[in-house]
Amino acid sequence: MEIQNFILGNSELFRIIYGLVIGLICMTIFLKTDKFFKLSFHEGIRYFRNAFFFYGLAFIVRYFLGVLLVPSVDYLIILILFEYFIVLAGFSLFYSLIWKRFHFSNSSVFNSKMIFFHIIALTIALLDAFFIIGNFMFYSQIIIFSCASIIAYKNYTKNKKQKFSKFYFIAMFLELFAWIFNLITVSIFEHNPLLLFNIGIINVIFFLLILCGVLKITKNGCKKT
Amino acid sequence: MAAKKRERLEVIRDIILTISRNRGIKPTRLLYASNLSPQMFKEYISELIEKKFITLEIDKKEKKFFTLTKKGQDFIQEYKVIENFIESFGL
């Protein structure tokens with residue numbers, strides 16, 4: 001009970017820390033994979049990095065800038081930006097798993113597929129802002145992470161020698177669970193702060209799992225060289 | 001039994017490894033070693049030169065040959081790690 005009161009009493013501080021921690025994890029993933037991308041120009045790595053770049057932006061905007069800048073900045077703008085970046089990140093992460101089936105040309109952040117993702121992400125963010133609910137974002141992310149979990153599981157069963165592929169599947173499934181849990185919390189439990197706090201923990205675990213994988217692989221690379 | 005089609009990264013690795021093992025390899029010899037069509041070979045080589053993995057030089061007898069840049073050497077060292085990363089995340 002004391003812990004609950006402590007959390008509820010310092011919710012703004014926790015939000016700032018949460019945003020900073022996840023922002024930092026995402027930026028670390030983005031920077032640690034920079035060398036891999038510059039050496040290989042692999043499209044899967046490109047979209048993987050894009051995903052964590054946008055995740056980092058989303059969490060810093062919502063939980064760090066959102067707390068510090070409100071009320072000088074309309075919170076609706078913060079929410080629209082958050083949803084836009086998060087949906088874009090989800091699409092990028094999903095596309096990093098399936099890009100081979102759809103790749104036709106050399107890409108950049110603003111190629112035809114990314115432009116499509118930008119349009120969908122913006123549409124979802126604006127729809128949620130217009131209807132003052134977050135459900136379009138939740139549904140889109142639940143669909144994306146359902147598909148991503150299936151693909152990650154298939155990759156794991158095809159390639160069991162790769163130890164991390166099992167954890168990547170677990171991470172995807174965990175994040176799917178977090179989005180479903182989040183939708184239920186918002187729709188049925190009226191944004192219960194303690195439930196939201198638990199969802200935040202699941203999110204942190206998701207990003208930490210990815211970061212551990214990236215650090216482990218890059219560290220092994222450094223050892224060999 | 002048909003040979004498995006190589007991924008783009010594997011083709012790049014094969015070309016760069018061939019150049020690293022043969023100092024100053026000539027274009028024709030590299031083409032045969034790469035096991036690519038002339039059209040595909042040209043595309044890959046253009047990309048590798050553009051991205052500064054290899055350079056095309058001319059010797060005193062005005063013969064062309066390919067050499068590896070520092071970036072190309074880094075690629076060889078990091079290839080296994082990159083491959084491991086791609087497989088781990090299913091990219």
Side-chain angles (χ1 to χ4, degrees), chain A residues 29 32-33 35-49 51-52 93-100 103 106 148-169 171-172 209-210 212-225, chain B residues 1-21 30 34-37 39-56 66-91:
Chain A
I29 292 169
K32 276 285 180 184
T33 50
K35 191 178 181 183
F36 287 170
F37 178 66
K38 282 185 177 155
L39 282 177
S40 67
F41 294 96
H42 190 270
E43 292 306 307
I45 297 177
R46 183 199 298 274
Y47 289 107
F48 179 85
R49 295 180 75 233
F52 290 98
L93 194 62
F94 177 58
Y95 193 67
S96 73
L97 296 172
I98 63 165
W99 69 275
K100 281 182 189 171
H103 183 66
N106 289 327
S149 296
I150 292 168
I151 293 170
Y153 179 71
K154 280 185 177 174
N155 288 339
Y156 160 62
T157 54
K158 263 190 237 175
N159 203 359
K160 286 187 179 175
K161 284 181 191 174
Q162 281 293 345
K163 290 178 190 171
F164 185 72
S165 59
K166 178 171 74 175
F167 292 105
Y168 196 48
F169 159 64
M172 288 294 191
L209 272 172
I210 308 291
C212 286
V214 169
L215 288 177
K216 190 179 176 206
I217 294 168
T218 52
K219 187 181 167 192
N220 285 342
C222 288
K223 271 188 188 170
K224 282 177 190 174
T225 55
Chain B
M1 191 172 166
K4 184 189 156 210
K5 191 182 172 188
R6 288 180 292 175
E7 297 283 345
R8 177 187 161 275
L9 207 59
E10 287 173 323
V11 174
I12 289 172
R13 175 206 61 191
D14 291 346
I15 292 173
I16 288 178
L17 271 176
T18 304
I19 296 173
S20 78
R21 286 169 189 158
L30 183 60
S34 69
N35 205 20
L36 292 169
S37 67
Q39 174 65 24
M40 290 307 299
F41 176 77
K42 197 177 170 185
E43 284 180 21
Y44 275 104
I45 292 298
S46 297
E47 186 182 346
L48 288 172
I49 291 173
E50 187 192 326
K51 288 175 178 165
K52 297 182 172 55
F53 285 96
I54 63 175
T55 54
L56 182 62
F66 290 109
T67 57
L68 219 54
T69 62
K70 170 84 176 46
K71 193 172 176 184
Q73 288 165 6
D74 288 345
F75 178 85
I76 294 171
Q77 285 189 326
E78 294 288 346
Y79 175 77
K80 275 287 177 197
V81 180
I82 295 171
E83 191 183 37
N84 187 27
F85 182 84
I86 290 166
E87 282 179 11
S88 296
F89 287 95
L91 304 178

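Below, chains carry the letters A, B, ... as their sequence lines are ordered, and counting in each starts from 1.
Of the listed residues (B:Phe75, B:Phe53, B:Phe85), the greatest number of heavy-atom pairs within a distance under 4.5 Å of chain A belongs to B:Phe85. The greatest number of non-hydrogen atom pairs below 4.5 Å with chain B, out of A:Ile45, A:Asn155, A:Thr33, is found for A:Ile45.
Contact of A:Tyr168 with chain B is made through the side chain alone, with heavy-atom distances under 4.5 Å. When heavy atoms are compared at a cutoff of 4.5 Å, A:Lys166 does not approach chain B at all. Only the side chain of B:Arg8 comes within less than 4.5 Å of a heavy atom of chain A; its backbone N, CA, C and O stay farther away. Contact annotation for A:Ile151: neither backbone nor side-chain heavy atoms come within less than 4.5 Å of a heavy atom of chain B.
Salt-bridge formation is not detected for the pair A:Lys100/A:Glu43: no Lys NZ or Arg NE/NH1/NH2 atom is positioned less than 4.0 Å from an Asp or Glu carboxylate oxygen.
Annotation: cation-pi geometry satisfied between B:Lys51 and A:Phe41 (NZ/CZ under 6.0 angstrom from ring centroid, within 45° of ring axis).
Among residues two or more places apart in sequence or in another chain, the side chain to side chain contact (heavy atoms under 4.5 Å, CB included) test is passed with B:Gln39 by B:Ser37, B:Glu43.
No side-chain donor-acceptor contact under 3.5 Å links A:Ser165 and B:Ser88.
To the nearest 0.5 Å, atoms NZ (B:Lys52) and OG1 (B:Thr69) are separated by 9.5 Å.
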